[in-house]
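Take a look at the structure below.
In what follows, every heavy atom counts, from backbone to side chain, and hydrogens, waters and symmetry copies are set aside. One-based numbering, in listed order, for ligands and for the atoms of each.
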Amino acid sequence: MLPNVCIALFLALTLAAQAAQPSTPSPIAAPLRDLPWGQLNFLHTTDSHGWHAGHLQEPSYSADWGDYISFSQRLHEKADRTEVDLLLVDTGDRVDGNGLYDASEPKGRFTSEIFKEQDIDIICSGNHELYKKKTSDREYLETVPNFSGNYLASNIDIFDPESGDRVPLAQRYKKFTTKNQGIRILAFGFLFDFKLNANNTIVQPVSQTIQEKWFQEAIRDKEVDLFLVTGHVPLRSSEFDLIYKAIRGQQWDTPIQFFGGHTHIRDFSKYDAKAYALESGRYMETIGFMSISGLRRGGRASSKLISGEVDLSTINASPTFSRRYIDNNVFSFHHHTSLNATNFATEHGRNVSSLIASARKALRLDKQFGCAPADLWTNRAPYPSDDSIFSWVQEMVLPDMLNDTDHPDTPKLVLMNTGALRFDIFKGPFTLDTAYSVSPFAGGFRQIKNVPFSIAKQLLRILNQEVSQLQQVPEQPLRAKEPVSLGQIETLVAHTESASNGRHSDSHQVPLAADDSKASPLTPGYTTSDDAGNDGDDTLHSKIKFYRVPNCIESRINFPRSSNSLNPENKVDDPETVDLLYGDFIENFVLLALRFLGTDYSTGDTDAYADGQDFTDILTKWVNEKWAGEC
Ligand SMILES: *[C@@H]1O[C@H](CO)[C@@H](O)[C@H](O)[C@H]1NC(C)=O
Ligand SMILES: *[C@@H]1O[C@H](CO)[C@@H](O)[C@H](O)[C@H]1NC(C)=O
Ligand SMILES: *[C@@H]1O[C@H](CO)[C@@H](O)[C@H](O)[C@H]1NC(C)=O
Ligand SMILES: *[C@@H]1O[C@H](CO)[C@@H](O)[C@H](O)[C@H]1NC(C)=O
Ligand SMILES: *[C@@H]1O[C@H](CO)[C@@H](O)[C@H](O)[C@H]1NC(C)=O
């Protein structure tokens, strides 16, 4: 038996009434856990990385930013009816990673217009907002004013592009009182100790920021009912730990709620009985819901009985904290709002969905390059294997596309970081959108010619194991730093049967019974385990197996065939020298590894391969040639 589970019955989701992007599959009926409403409630998004159109091939995450706007408006209506509060939080990395963001010139031309339509109460910057000057300037000139008063930058400064003056990217903190309950909140917005930002921004290490006068004064404010620490910071990090200890050093008893991000996982962490932290996944797969009850209100203990649901009269009792990870689809949204396809969407939400649809159209994101014959997984298949996207790139794409005719006889050894491939490929249309979600980072290959093979063949092992600096590389390209994390690793990408078949026929959509899962098997998806147990996900899913992949893969191209080619142990002979190719992002690591091996190669020995052609272009060319045709 599954406690606390409400069986959501099948609702007829007609195509016409759906607000999500037109080509998305309908969400699948599934057993759901209700939202644990409280006195103060939050919706949290993080690491959306441009996925504001939702996932067009995955029903579980098919709601778009417009649907999220409708959802939050409906929950606000409910909060107002029951006189509780609802706040929206976003903790950064809104940019990079999806065609809706990356395909425009300049990048983000459409997404910042779309994003600002949501009414977010506390918003902060991620590291991706700061890699390039253009991006952080846009953040400073557009996003900060668009979320005026709500954008917090506790430890980021920027050189104003007009005056050249060093100024805070946004205000350091904010104090406000909630609308319905009168809860006094003091909020911060942090970024982890990020170092690879462009030189027009300055990220102050958290250890320094917490010594600043303004911060020390803020945490001594006794007229505060809740500290709200938002940050593009992992929950189990030294940065949040320092902030937690600094606040607790001054206020041993005041409740603290943290919202974090960056590691792309669902996570909930207990720091103490009155301090908790929530992280809400990635790529618009998850809307985090958080509630706190039993908070003081403007110095008074709360005494209001909310709609008979939440008894807040227990003075002196420790506040209670509850979390829920909502799968981002309209089936979940309808359920949690007790509304349906007819009455759920708001006018504002619908408008934003159409705005997204027209942006996608203008960017031609549905332009098809070919048809993927099967699913290829980043982490849901072992590497190496036929289902692994990395094996596919290594065995097919790189050998076919990097076999330059300039040097037809030269063997090549190609090193590529797995983090450059960001997402799975689903059986079915391979579109411009697919290309950007799989390979969003502009970047091509560089080469060093005529490297002794005895040296080159050792690089993969070093890059994957021994260059300790690799561990300090940003989450951007080195996958091992990314979603791989303690205990949560099985909660990665969900993908349902229907993703490959397009829209589900109604005959598949029968009511599900939680205790009868054999009759209607659960769809695969997040099955999160966190500090509060295993009941965090709103949707009951079957577990997905998750496989760790190495930092880098190696492709050997045009190696001399062995005379003894029937022996699988000895298919090729060792060449004397190879042209060493590598993704340009990892150049420093490759050079470091080469030095580690006792050579003295430097940047002067390197040059762009194939005029630095983008890997995204290489990928789409391959698909165009090898997977041509309609699905
Ligand atoms: C958002 O920022 C842009 C650029 O400064 C401005 O044109 C626009 O009016 C702003 N919109 C809102 C809603 O603040
Ligand atoms: C940032 O670097 C560029 C060149 O890389 C340089 O021209 C510029 O002066 C630097 N800006 C600052 C604020 O240091
Ligand atoms: C949605 O709910 C309303 C009110 O209960 C009802 O009139 C309408 O028929 C429902 N629509 C669907 C599609 O179930
Ligand atoms: C939705 O769009 C229509 C047509 O552009 C406009 O008239 C209306 O004011 C918009 N409504 C909202 C709530 O944004
Ligand atoms: C690469 O090019 C060489 C020379 O043209 C050719 O012999 C070889 O078969 C090619 N390899 C691949 C994998 O296309």
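- One distance of note links CD of Gln257 with CD1 of Ile185; it measures 10.0 Å at 0.5 Å rounding.
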Between the protein and ligand 4, which nitrogen or oxygen pairs come in under 3.5 Å, and how far apart is each?
from     : atom 1 : to     : atom 2 : distance (Å)
ligand 4 : 2 (O)  : Asn351 : OD1    : 3.1
ligand 4 : 2 (O)  : Asn351 : ND2    : 2.3
ligand 4 : 11 (N) : Glu347 : OE2    : 2.7
ligand 4 : 11 (N) : Asn351 : ND2    : 2.9
ligand 4 : 14 (O) : Asn351 : ND2    : 3.1

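- Remark: the backbone N or O of Asp193 is paired with a side-chain donor or acceptor of Glu239 at under 3.5 angstrom.
- Listed by number with element, the atoms of ligand 1 under 4.0 angstrom from any heavy atom of Glu142 are 2 (O), 4 (C).
- Ligand-side atoms of ligand 1 in range of Leu141: 5 (O), range being under 4.0 angstrom from any heavy atom.
- Residue Arg94 forms a side chain to side chain donor-acceptor pair (under 3.5 Å) with just one option from His49, His52, His128, Glu139, and that option is Glu139.
- Although no hydrogens or angles enter the test, the distance criterion places no donor-acceptor pair under 3.5 Å between the side chain of Asp579 and the main chain of Lys449.
- Ring geometry, Phe333 versus Phe344: the interplanar angle falls from 30° to 60°, so the pair is classed tilted.
- There is no side-chain donor-acceptor pair under 3.5 Å between Ser332 and Asp327.
- With hydrogens and angles ignored, the 3.5 Å screen pairs a side-chain donor or acceptor of Thr178 with a backbone N or O of Ile183.
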